[in-house]
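A, B, ... follow the sequence lines: proteins, then strands. Residue 1 opens every chain. Every heavy atom of this structure was used, including side-chain atoms; hydrogens, water molecules and symmetry mates were not.
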Amino acid sequence: MKNLKLKAARAGMDLSQDELAKKVGVSRQTINAIEKGDYNPTINLCIAICRALNKTLDELFWE
Amino acid sequence: MKKRNAIVLGAGIIFFSLILLPILIYGNSKENSYTANVLIENGVAVPAEATYDFELKADEDDVYKFNLDWWQDEEPAFITGMCIKDPDGETVFVGTAQMMSCDTIPQNLKSGKYEAELTFITDNDTYTAYCKSHDLEVSGDGVDFSEIVKDGSYKVDYRINVEKANANYTAIGIGLGIMIGIGSLIIILALTKNGDDAQSKYDERQQIARGKAYRAGFYTMGLAVLVMFVLEMAGISLPIERSLTYFMIFVLGGLALIAVNIWNDSYFAMNENPIRFVIVFALISLFELMVGIRYLRTGQMVVNGILTFRAMSFVVVFMLLFVLAMTLIKRLKDKREEES
């Protein structure tokens with residue numbers, strides 16, 4: 001299932017996939033895969049993404 | 001490992017290998033060559049024979065072999081009969097071939113002056129007479145000289161290389177080649193990285209995908225070995241040299257690994273620059289292609305209907321082109337998805 005909340009939060013901060021990927025230390029393709037719902041990130045990566053986007057886990061990853 | 005340290009390590013390995021190269025040069029230094037200019041006129045060779053001498057210093061306790069080579073870019077329009085005689089006039093080698101590249105059976109040799117007698121044969125009667133006078137077996141009905149003999153001028157380089165049979169210079173050469181290859185690979189891998197670190201960095205998704213890719217490579221290689229095993233049990237032999245078969249099985253596994261990796265965006269590490277990789281791959285492909293074409297032109301790639309290990313160059317080119325093609329296809333797919 002697509003993670004539109006993550007995509008919206010990223011766009012809200014005016015970050016590209018590549019910029020967010022650099023902030024959290026992963027590849028651009030991994031951010032893309034998470035947004036498309038092709039990959040379920042580990043809790044560590046979820047936390048890193050939340051910190052980079054100033055969001056909570058609930059806001060980004062809880063359905 | 002830091003990028004600078006990796007480059008120093010790679011350069012060190014290459015330097016160490018180059019220091020060992022004189023072993024090969026020394027081992028192959030006892031080379032004697034002779035160039036024959038033969039004119040074929042109305043199907044007759046002029047001159048019909050040639051002789052050349054060479055000196056050999058041999059230890060009585062050692063065993064030697066001759067490495068004979070008169071493989072040419074252009075096939076000579078005659079058959080050469082070569083007879084090598086030792087200082088006592090005893091024949092130590094005799095054979096006939098249009099072109100030849102082979103090692104003789106190891107034997108004890110005496111020191112002194114050796115004589116190589118060359119006979120340029122253009123007809124069946126001379127061929128049969130030569131074989132009978134030198135105790136050689138005449139193959140079948142002889143040779144179809146109408147296919148071979150053509151009027152013209154031919155320059156043939158005959159090389160007789162004498163080396164100790166117990167020192168395997170080919171193995172040393174391959175070993176040094178592999179070391180130089182490893183050294184170059186370390187340098188290339190270090191240079192394709194962004195930043196100071198020479199090690200490839202993969203994120204968690206890429207590591208999972210790489211695990212799947214290794215599994216695919218392992219199963220593909222296992223399947224290929226199984227197929228080869230079944231073929232061998234059934235008595236079916238492929239017209240491919242065994243060493244090349246092993247290499248192709250290895251490459252097949254590698255292709256499966258590469259394909260899965262590229263498709264999952266886990267082939268290139270986060271700190272790798274794909275453009276630099278593509279440039280290096282294109283340059284290696286070009287080099288290997290030139291080597292392969294050379295072997296193809298000189299007829300060393302297929303000998304007696306068997307594909308030899310020299311076809312490895314084309315296998316490597318195929319593998320690198322596969323990587324380039326897969327990368328391109330994946331890029332186009334990603335681009336299309338981004339646009340939609």
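- When the shell of 6.0 Å around CD1 of B/Ile275 is examined, it contains 12 or fewer heavy atoms from other residues, nucleotides or ligands.
- Residue-environment remark: CG (A/Asp14) stays at or below the threshold of 12 foreign heavy atoms within 6.0 Å.
- The contact between A/Ala33 and chain B is made entirely by side chain atoms (from C-beta outward), counting heavy-atom distances below 4.5 Å.
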Geometric donor-acceptor pairs, no angle filter, chain A-chain B, under 3.5 Å:
{"residue": "A/Ser27", "atom": "N", "partner": "B/Asp203", "partner atom": "OD2", "Å": "2.8"}
{"residue": "A/Ser27", "atom": "OG", "partner": "B/Asp203", "partner atom": "OD2", "Å": "2.9"}
{"residue": "A/Thr30", "atom": "OG1", "partner": "B/Asp203", "partner atom": "OD1", "Å": "3.2"}
{"residue": "A/Thr30", "atom": "OG1", "partner": "B/Asp203", "partner atom": "OD2", "Å": "2.6"}
{"residue": "A/Thr30", "atom": "OG1", "partner": "B/Arg205", "partner atom": "NE", "Å": "2.8"}
{"residue": "A/Thr30", "atom": "OG1", "partner": "B/Arg205", "partner atom": "NH2", "Å": "3.4"}
{"residue": "A/Lys36", "atom": "NZ", "partner": "B/Glu337", "partner atom": "OE1", "Å": "3.2"}
{"residue": "A/Tyr39", "atom": "OH", "partner": "B/Glu204", "partner atom": "OE2", "Å": "2.7"}
{"residue": "A/Thr42", "atom": "N", "partner": "B/Glu204", "partner atom": "OE2", "Å": "2.9"}
{"residue": "A/Thr42", "atom": "OG1", "partner": "B/Glu204", "partner atom": "OE1", "Å": "2.5"}
{"residue": "A/Thr42", "atom": "OG1", "partner": "B/Glu204", "partner atom": "OE2", "Å": "3.3"}

